[in-house]
Amino acid sequence: MKVNFYTSQREYNEKKAEFDKAIFDVIEKGSFILGPNVTKFEEEIKNYTGAKHAIGVASGTDALVIASHILGFTDGKEVITSPFTFLASTSCIAKHNAKPVFVDIDEETFEINTSKLEEKITSNTAGIIPIHLFSQMNNMDKIMEIASKNDLRVLEDAAEAFGMRWKGNGDSYKHSGTIGDFGIFSFFPTKTLGAYGDGGMIVTNNDDLAQKTKMFRVHGASKKYHYDYIGYNSRLDSIQAAVLSVKLKYIDEAIKKRETIANWYMDKLSDCEYVRFPKIKGDQKPVYYVFNILAEKRDELADFLKENEIGYSIYYPIPLHLQKCFSYLGHKKGDFPVSEKISSEILALPIYPEITEEEVDFVCETIKKFYRK
Ligand SMILES: *Cc1c(COP(=O)(O)O)cnc(C)c1O
């Protein structure tokens, strides 16, 4: 049996008529740049997340770069983040010559270790970028407390965290991305809410930051051909917005299915002593964007899965402090031991709403077969 790590085709085939209509409507109307589809989707994101403002941009990466720029993560300022993440969470700091300052992660949840965060704050620190990775949010109470005590700006990298909520399911919950000064989402196709191409969103509850963001995505223009800032050309594409509006209608159902699949994995692998699961901590509602295991002999297991036509992924094989592009920061192996250890053990298994229980069974049986060898 072949099991894809990810496929968009099953969902597309299930809802083909709806997706086709959404896409062709945009083409027929001919409003391609920041037209009604983008505005409609931004309204829907505001309603879903509770954010006061939602501004569609070209990708999650652009969202991080623009938000960092506006928050003044520039010119020698220091910004605290974790090295165990996707490149874009840190390249947005370096892009305008601010300095990434890394803090290691919690061994069980992979979030930034907030007990080690304050010792890295200097008079030059401008902000914190917490990253809500895989299936759970950072401890936002603690981060906001540290930020307010030290007058720091907070940019939540919620690229992977669509649907995740701090304070769980209670009435007073806050959606990921809506707690800091800015939050960003990515609509990269594999993400929980994924487009048929690139896309991203910046959310904020601050009117001034929102106004500036709207200017920054159109070259810094306050009105047509009047440029207040040197900005960007970075808009959420209208066709992608139309696709995303369709997907958002079904997102709660999709999130529930991801949870069911994660439970299948945890159940079916519970008797496998060579595999551990990350923990979810704090009062929050997790969303299984990724389902990870921590595996003994990870690389050999990965090869075995490949031989058996099972897709997998490794997020992330090399922590950012050891990447060539950040060698100028002067870090070496051993500087962030938890990140380095997790990088060598972590393995992501296929999880998408359309995967079948039979496929999950096959993945789990294959893993157990590997350790019986
Ligand atoms: C996907 C991702 C991004 C970047 O999003 P793109 O839309 O691919 O540019 C940033 N940060 C994290 C943690 C991500 O997973």
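When a ligand or atom number is given, it counts from 1 through the structure's own listing order. Just so you know, these numbers use all the heavy atoms, side chains as well, and skip hydrogens, waters and symmetry mates. As the structure is a prediction and not an experimental result, all values here were calculated from the model.
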As an exercise, identify every atom of ligand 1 less than 4.0 angstrom from a heavy atom of [X].
X: Thr61; value: 4 (C), 5 (O), 6 (P), 9 (O)
X: Ser186; value: 1 (C), 5 (O), 6 (P), 7 (O), 8 (O)
X: Tyr316; value: 15 (O)
X: Asp157; value: 10 (C), 11 (N), 12 (C), 13 (C)
X: Gly60; value: 5 (O), 6 (P), 7 (O), 9 (O)

### Task
Counting heavy atoms only, name the option from Ala159, Ser59, Ala63 that's nearest to atom 12 (C) of ligand 1.
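Result: the heavy atom closest to atom 12 (C) of ligand 1 is in Ala159.
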### Message
Is there a side-chain contact between His219 and Asn233 in this structure, where contact means two heavy atoms from C-beta onward sitting under 4.5 Å apart?
### Response
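They are in side-chain contact.
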### Task
Please lay out, stage by stage, how Thr122 and Asn124 fare under the test side-chain hydrogen bond (donor to acceptor under 3.5 Å, both in side chains).
CA-CA 5 Å; Thr122 71; Asn124 218 7; 5.4 Å; no
### Query
Judging by distance only, is a nitrogen or oxygen of Asp198 under 3.5 angstrom from one on ligand 1?
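The answer is no, given that Asp198 and ligand 1 share no N or O pair closer than 3.5 Å.
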### Task
Just do the ring-ring contact (aromatic ring centres under 6.0 Å, His included) check on Phe216 and His69 with the steps written out, would you?
CA-CA 9 Å; Phe216 268 56; His69 191 169; 5.0 Å; yes
Note the single closest protein heavy atom to [atom], along with its residue, its atom name and the distance in Å.
atom: atom 8 (O) of ligand 1; value: Phe188 CD1, 3.7 Å
atom: atom 1 (C) of ligand 1; value: Lys191 NZ, 1.5 Å
atom: atom 15 (O) of ligand 1; value: Glu160 OE2, 2.6 Å

Compute the minimum heavy-atom distance from [X] to ligand 1 and say whether it is under 4.0 Å.
X: Ser89; value: yes
X: Phe185; value: no
X: His132; value: no

#### Entry: Test applied, salt bridge (Lys or Arg N to Asp or Glu O under 4.0 Å); reference residue, Lys268; option that passes from Glu359, Glu357, Glu365
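Testing Lys268 for a salt bridge (Lys or Arg N to Asp or Glu O under 4.0 Å) against Glu359, Glu357, Glu365 leaves exactly one candidate, Glu357.
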Under a plain distance cut-off of 3.5 Å, with no hydrogens placed, do [Y] and [X] share a side-chain donor-acceptor pair?
X: Ser339; Y: Asp104; value: yes
X: Asp361; Y: Trp264; value: no
X: Glu42; Y: His53; value: no

### Query
What class does the angle between the rings of Phe291 and Tyr265 fall in, given that below 30° is parallel, 30 to 60° is tilted and above 60° is perpendicular?
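Aromatic pair Phe291/Tyr265 classed parallel.
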### Task
Look at the rings of Phe336 and Phe102 and say which category their plane angle falls in: under 30° parallel, 30 to 60° tilted, over 60° perpendicular.
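Perpendicular: the ring planes of Phe336 and Phe102 meet at over 60°.
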